[in-house]
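The shown structure was predicted, so the numbers you read here are calculated from the model rather than taken from an experiment. So that the names make sense, note that chain A is the first sequence line, chain B the second, and so on, each numbered from 1.
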Amino acid sequence: MPDNCRTVGKNIARIGAVERLQGRPVFSADLSLDDALVLKVLRSGRAHAVVKDIDVGPALAVDGVVRVFTEADIPGENRMGIINRDQPLLADGRVRSSADPVALVAARSEEAAERAVAAIQVTYEDLPAVFTPDEALAPGAPAIHPDGNLLFARRIRRGDVEAAFSRCAVVVERTYRTPFIEHAYLEPDAGAGFVDDDGTLVIYASTQNPHYDLTEVTRLLGVEKWRVRIIQAATGGGFGSKLDLNVQGFIGLALYHLRQPVRMVYSREEAFLATAKRHPLEMHFTTGADEKGRLLATRVLITCNTGAYGSYGIAVTSRSAVHATGPYKIENVEIESRCVYTNHPFCGAMRGFGTPQAAIAHEGQMDLLAQRLGIDPLEIRRINALRTGSVTATGQKLSASVGIGECLQALTPHYDQARRQWRQEPSSPYIRRGVGIGCMWYGIGNTGTKNPATARVAMDREGRVTLFTGCADIGQGSSTVLTQICAEVLGLAPGDIRLVVADTGLTPNAGATSASRQTYISGNAVQTAAAKLAAALLEAAADQLQVPRASLALSNGEVITGAEKTGCVSFARLAQMLHDQGVSLEFEGFFDPPTTALDPATGQGVPYATYAFAGQLALVEVDTLTGEVRVARIVAAHDVGRAIHPENVRGQICGGVAMGLGFALMEQFVPGSTLSLKDYHIPTCADMPEIVPIIVESEEPSGPFGAKGVGEPALIPTAPAILNALADALGKRIDTLPASLESVLETSIATGHFGPREV
Amino acid sequence: MSTEYIRPQGLDEALGLLQERQDVTILAGGTDLMVDRRSEKIRPRCLLDVSRLPELRRIRTRDGVLEIGAAVTISELLASGTIARMAPVLAGCARRFGSRQIRNVATIGGNVAHCAPCGDTIAPLLVHEAQAVVAAPGGTRTVDIGEMAGGPYQCILAPGELIRCFRLKPCPAGVDLADFQKIGRRRELAISRISMAAMVRLDDDGGVDFMRFAVGACTPTPHRFREVEDFLLGRRPDEGLLWQAGRLAADTMIAITGTRPSAAYKQPAVQGLFLRMMSPLLQPGRKSHA
Amino acid sequence: MKNHTVTIRFTLNGEPTTVEAAADVSVLHLLREHLGLKGTKEGCGMGECGACTIVVDGRAVNACLMFAPQLDGREVLTVEGLRAEDGLHPLQQAFVDHHGVQCGFCTPGALMSAYALLQENPRAGREEIVTAISGNLCRCTGYRNMVAAIEAARDRRTDK
């Protein structure tokens, strides 16, 4: 790729790294507010019940307790939810899961708040509860919400599946299952708030979407939006779970009534119990191909257990359907994905929105087909890979930036070497080695809905530039990347850009930090805003210097005349001049990816403006005697369009691989059993394989400098690659995650690998 | 009600306090105690910090016996040349124990007294036929390490008693295998699903002439599996024989524990891990140390 | 009933410090709430994540698993004490240079583990580095750039 860029594509120092390295008090739990009251929630502890009575009297009698709130104290609408609004902030006469909040205590100390929570007397009348989608959809099942337990279904129909199956040389059918997964971001949810001099309720929170928080909090409180200001504190990871309102509503409620500073910090146990999980999916896949390995048809039925509330369940369901083909051409599809309420704590967004689960299935199917047809697994993927001009299952013609072929190409030498050599040389007679591939595609941004971002770039009288963006940097590095884009357009160094980020009082709405959308969508908004400022400066400079505008360029805080450098004028001088003339140097940029809604019956439409693609190769060693698995190496090739900050991209890939490894081998959230990080294990440094990240840049014409996104794609291919490598090692697939010690050993026994080798 | 903290200067003072007061909780590293405190399993009224008592901090050999003070930390076990030489199995366990942060604080005495079924130091202590030297009101008594736990998390020590040290029979000269193995759900910071400790010596003909073998995390309290030792003593291990012995280990576990849901994994895994652990014996001339 | 507090005297980031606290609070609580040092983070409160790692008498420990009085007479280093005369400590600088920070919540703890390791063994190899930070969970980075940063800091020290 030609590189005329000064900042884009360079690994500048991360914005915000130094304060974190010095341990400065930037996270919500670190904020010190004078005499802040402590907030704690009483949660129901029962799966499904009517709340007959709440007696807060004994709690109010606890020394240090200031107030106990119940639903009656909520002045606005006691309903939350970004897609479907089904979740009360405090129980509305009914609890639908053991995590449901029933009452909120404000107290002068942590201890008093805890004692008060324990003292609240609630009378419940238990209702029958359901925990699996099968139970929930059975006739006569208790309805968890008024419209029944089937929340949503996404159907995609194209071609003639039945006829196509009859033409297939081979058809494979399989059911894949994934468990609840906990996000396990390192920073438990937290927030703090106070009432400003002008009466504004100011809420600091660990969040992925401050502007959504504002909408919800003001609706709960029944106040105008200007009465509340949400400021994103430094956020210690989110991975989707901090898209929901976790502490924000409680803080808002307490501020509204008490008008004094409050703070709320979840313990790890509460973060485990009360925040969203990744949806467990059951995925029944039937896939057929002709004798050359070309995919002809797929029929898919997916069931998502969303627990007691929708949260992002509809998005997860829809995305799992849209992505069920994998990054492959299949002309005949019949896909249905359903989202079902149960009485488990709720599921919501988690890195990939159903796509990581679907990829387990479509990649399993590819390997099964390859095996049945005697085709190499890499080859069958190459044969079917989407390319420019391909039409997807939703009928979208891909016009550019389809880098799956290039990703596979990048893996090929590593794959060949691993198959030919590494796989044949196990380190002990009891070890078996396997090599596996996982591929994915991922639509950037929300599915078939508007999801715009606005950004603002302003130049003050001294010529200093400030970028205002509502985009929450939760660790993925968006502030750095957006600054780079802004700096690049204006010919400045990144350090010259002042940043104002994720503060509803100051910044325009950038939408959620989710769906791998911010580099692409906010990046475009920033680029547009910066380009408008650049144009204003160029125009003013052309007047000033009396030269054609086309001969001018922006460089190091000056407008210079192109080749000869005969003249120049500083930004400061231009800014002063324009400000003095009363010209505003504040510009907004807006971008909403061009999509169309999916047809409810056929799922046809343009759900995303662009897609990221990736392929990963896993090399694993299986101890056939114990079921222990060591992932030795992951080669990860990712088409990101353009890497604005290559080290950030590699960082996302490596972090995604870690999460994917946990998903494949060890992570399983069991409601009521996995209560903390003691019971729920995520990979440590020692569990990590050698990672070889490969950046593929298949430029996206509509992206800022050609960029798409990588946050979620990083994770998606890892688990399928590991599972396929395990199957390669043992000769039998594990289709229910995680591939734990237990299931790997069971597979080793079933395949005859367990036992003496007679060396 | 708030908690008192006392840090005695010497063992006598500590023992005096222990006898005087009934409400004392012994604090060594505190890593388990703090977790129990958080979950409100305990609410100590008085913490007696024994972690700095010089009498509890020594590693030494006396009359051919290896003596390890109860307040020696796991990291100190790992760093000790004496332990590496005389109790390599224990050193192997120390390497796999918790995380570095926990190893730096947690003590061997605390691990033993906590009586967790998965407590990693117990199986190695069993193969060293260790005894706990317990300071008791009437003087000193010794308790075989296998007798310390009455059940999971149930230490048989009476209030007022304190573990001073452990006495271990050192690893005999010329052992062919001295090893600790552990299966966890991840490679570090892992709770043992299964742990094993073993010392084996072969005679000139390749027959087993010495063996001690213990298993952790598979039975309510870790056990020495003498059935397995007896089975192999006097025999020349080949792969088939070790496989049979592994099966015997698994059967022994089931005999003690019964068939729990976890047995579906642990039964074969004990057999498998046993074979893997002992397989260095199959390569003549190879000595394996943890 | 008498409310006991304990007087705890120790050296904190080079400064002699005396503090009164209840005996059963954790060192983490002591640092954050009594002493206002918020750099040491609470990620789990039970020794499973390492976000609260500090260095006591040269060794990395979980501040959440120590009772406050256990610090008495000790020398304590927290992330706030990690610095060089000219600004960032070489380890911190290496984390910047090698992009070892993402969300940054685990970062102070990981730094302290790395610091203790390099104090103990300035030539620690990769395996030791991996072991030393295996008690510090990170959900963002996949650890790769953290290990690279620590190796770079080690090399810079040993070059001198």
Side-chain angles (χ1 to χ4, degrees), chain B residues 1-9 23-52 71 73-76 78-79 94-107 110 114 184-191, chain C residues 1-8 21-29 42 44-74 109-110 112-114 116-117 120-121 127-137 143:
Chain B
M1 205 206 76
S2 61
T3 308
E4 254 184 288
Y5 171 86
I6 305 173
R7 195 173 64 238
Q9 299 305 304
D23 60 349
V24 166
T25 303
I26 297 167
L27 168 66
T31 54
D32 286 322
L33 208 55
M34 210 35 155
V35 173
D36 288 346
R37 165 78 184 80
R38 178 182 172 83
S39 64
E40 295 188 335
K41 251 185 229 165
I42 56 153
R43 190 137 196 165
R45 298 175 65 176
C46 176
L47 293 168
L48 184 74
D49 186 348
V50 300
S51 66
R52 299 185 209 184
T73 67
I74 306 299
S75 286
E76 287 161 351
L78 193 49
R95 202 168 290 126
R96 302 287 309 274
F97 191 104
S99 65
R100 193 179 177 92
Q101 290 93 318
I102 291 172
R103 294 192 287 272
N104 282 338
V105 178
T107 64
H114 190 56
R185 294 208 182 273
R186 57 185 173 193
R187 303 177 84 80
E188 288 274 340
L189 203 65
I191 300 160
Chain C
M1 194 74 57
K2 189 169 100 192
N3 250 355
H4 289 284
T5 59
V6 182
T7 306
I8 307 159
D24 65 339
V25 303
S26 69
V27 169
L28 178 57
H29 184 89
E42 173 162 347
C44 72
M46 45 171 57
E48 291 288 327
C49 79
C52 67
T53 304
I54 58 170
V55 178
V56 176
D57 284 358
R59 288 173 175 269
V61 304
N62 292 314
C64 72
L65 288 188
M66 274 181 108
F67 290 93
Q70 288 178 282
L71 285 190
D72 192 56
R74 304 294 196 196
M112 300 320 285
S113 283
L117 172 70
E120 251 175 78
N121 180 5
E127 213 170 303
E128 284 166 274
I129 291 170
V130 167
T131 305
I133 63 165
S134 279
N136 296 88
L137 296 181
Y143 306 102

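- Of the atoms belonging to A22(C), not a single heavy atom falls under 4.5 Å from chain B.
- In this structure, the side-chain contact (heavy atoms from CB on, under 4.5 Å) partners of C64(C), at least two apart in sequence or on a different chain, are L28(C), C52(C), N62(C).
- Only the side chain of V6(C) comes within contact range of chain B, judged by heavy atoms closer than 4.5 Å.
- The distance from atom CD1 of I54(C) to atom CD of Q101(B), rounded to the nearest 0.5 Å, is 11.0 Å.
- Salt-bridge formation is detected for the pair E48(C)/R186(B): a Lys NZ or Arg NE/NH1/NH2 atom is positioned less than 4.0 Å from an Asp or Glu carboxylate oxygen.
- Each salt bridge (Lys or Arg N to Asp or Glu O under 4.0 Å) pair with one or both residues in residues 53-63 of chain C, not counting sequence neighbours, appears once here: D57(C)-R74(C).
- Separating the OG1 atom in T131(C) from the CZ atom in R95(B) is a distance of 10.0 Å, to the nearest 0.5 Å.
- The CZ atom of R37(B) lies 13.5 Å from the CG atom of L65(C); values are rounded to the nearest 0.5 Å.
- Comparing G98(B), G29(B), S51(B) by how many heavy-atom pairs each has under 4.5 Å with chain C, the most go to G29(B).
- Atom CZ of R100(B) sits about 4.5 Å away from atom CD of E120(C), to the nearest 0.5 Å.
- Proximity to chain B (any heavy atom under 4.5 Å) is shown, for V56(C), by neither the backbone nor the side chain.
- Of the atoms belonging to R187(B), not a single heavy atom falls under 4.5 Å from chain C.
- One finds the CG atom of D24(C) at 11.5 Å from the CG atom of L27(B) (value rounded to the nearest 0.5 Å).
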